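Computed from a prediction, not measured in an experiment: that's the story for all the values here.
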Amino acid sequence: MTIRLRAHHLLCLLTYVGKGYSPAFTANYDGIAQRLSRGEDILIVSGPDDVCAPLLDGPEPHCLRESAVERDGLAAADVEELLARPIRIGACFDLDVAILARMRQAFSAGLVRKACGGCEWNELCSTVAAGGYRDTQVQPSAMPGKR
């Protein structure tokens, strides 16, 4: 199976520790984190993705706002430069141990954080990164054969 992610969620997954907008959102994201840890592919999509799904039934979901689209563009540019691979709509790739480590190192160094400006989770993500990504849900040790 393939996990559909918008570009800025490539950054969010780095620091996800089981906190979210609602219990339904968190349960959904927990499942996505487990799937990523098992090595499922990522497909870059435009607009709401698998992470956004539980929010779409609410009134005026933020994932439909222009600010989310802007974050996608900023994150795609940063991650594309870091990984030297296209991070465009329709791009598909594996999140392996090396890529995850490289992305987390760049996140900690502030090299891929342009999309994080104004995000309500920015402080939590900074704390998680400063703590060495302890308790994050996407775990490289669980990625079979992807070391």
Side-chain angles (χ1 to χ4, degrees), residues 1-58 60-122 124-126 128-129 133 135-147:
M1 293 201 45
T2 299
I3 299 166
R4 299 169 52 254
L5 291 181
R6 63 187 318 155
H8 83 260
H9 284 155
L10 292 172
L11 302 178
C12 300
L13 70 83
L14 300 174
T15 60
Y16 177 68
V17 291
K19 298 184 183 205
Y21 299 101
S22 68
F25 177 89
T26 302
N28 179 61
Y29 210 145
D30 287 349
I32 290 168
Q34 289 171 4
R35 292 171 56 199
L36 286 167
S37 295
R38 287 193 306 260
E40 288 191 32
D41 292 342
I42 294 171
L43 172 67
I44 303 299
V45 299
S46 174
D49 61 6
D50 292 342
V51 172
C52 298
L55 301 174
L56 295 176
D57 290 336
E60 300 181 36
H62 73 270
C63 50
L64 297 176
R65 294 183 193 148
E66 186 59 32
S67 61
V69 175
E70 290 169 7
R71 282 191 174 98
D72 289 337
L74 292 169
D78 278 351
V79 174
E80 187 169 286
E81 183 177 338
L82 175 71
L83 299 181
R85 69 170 56 193
I87 303 297
R88 298 183 184 107
I89 297 163
C92 191
F93 67 96
D94 291 335
L95 181 67
D96 63 23
V97 173
I99 290 172
L100 184 62
R102 194 165 168 196
M103 288 177 63
R104 283 184 170 157
Q105 182 179 32
F107 189 88
S108 292
L111 302 175
V112 292
R113 303 276 314 252
K114 290 182 192 111
C116 303
C119 176
E120 67 186 278
W121 298 100
N122 195 10
L124 173 66
C125 295
S126 294
V128 170
Y133 300 95
D135 301 323
T136 54
Q137 298 287 319
V138 178
Q139 289 296 320
S141 61
M143 294 177 173
K146 295 192 172 202
R147 299 187 202 278

Side chain to side chain, Pro54 and Tyr21, heavy atoms closer than 4.5 Å: no
Heavy-atom side-chain proximity of Val128 to Leu124 below 4.5 angstrom: yes
Salt-bridge present (Asp49, Arg6; N to O < 4.0 Å): no
Note, Leu36 side chain near Gln137 side chain (heavy atom, < 4.5 Å): no
N/O donor-acceptor pair under 3.5 Å between Gln139 side chain and Ser37 backbone: no
Atom pair CZ (Arg102) and CG (Leu100), whose distance is rounded to the nearest 0.5 Å: 12.5 Å
N-O pairing of Asp50 and Arg4 below 4.0 Å: yes
Distance, nearest 0.5 Å, that separates CD1 of Ile99 from CG of Asp94: 7.5 Å
Side-chain heavy atoms of Thr15 within contact of Tyr133, under 4.5 Å: yes
From Phe107 atom CZ to Leu13 atom CG, the distance as rounded to the nearest 0.5 Å: 10.0 Å
Side chain to side chain, Tyr16 and Trp121, heavy atoms closer than 4.5 Å: no
Note, Val79 side chain near Leu11 side chain (heavy atom, < 4.5 Å): yes
Candidate list Leu43, Val45, Ile42, test side-chain contact (heavy atoms from CB on, under 4.5 Å), partner Leu5, passing option: Ile42
Tyr29 side chain to Lys19 backbone, donor-acceptor under 3.5 Å: no
Flag side-chain contact, heavy atom, 4.5 Å: Val138 against Leu95: yes
Heavy-atom side-chain contact between Val112 and Leu10 under 4.5 Å: no
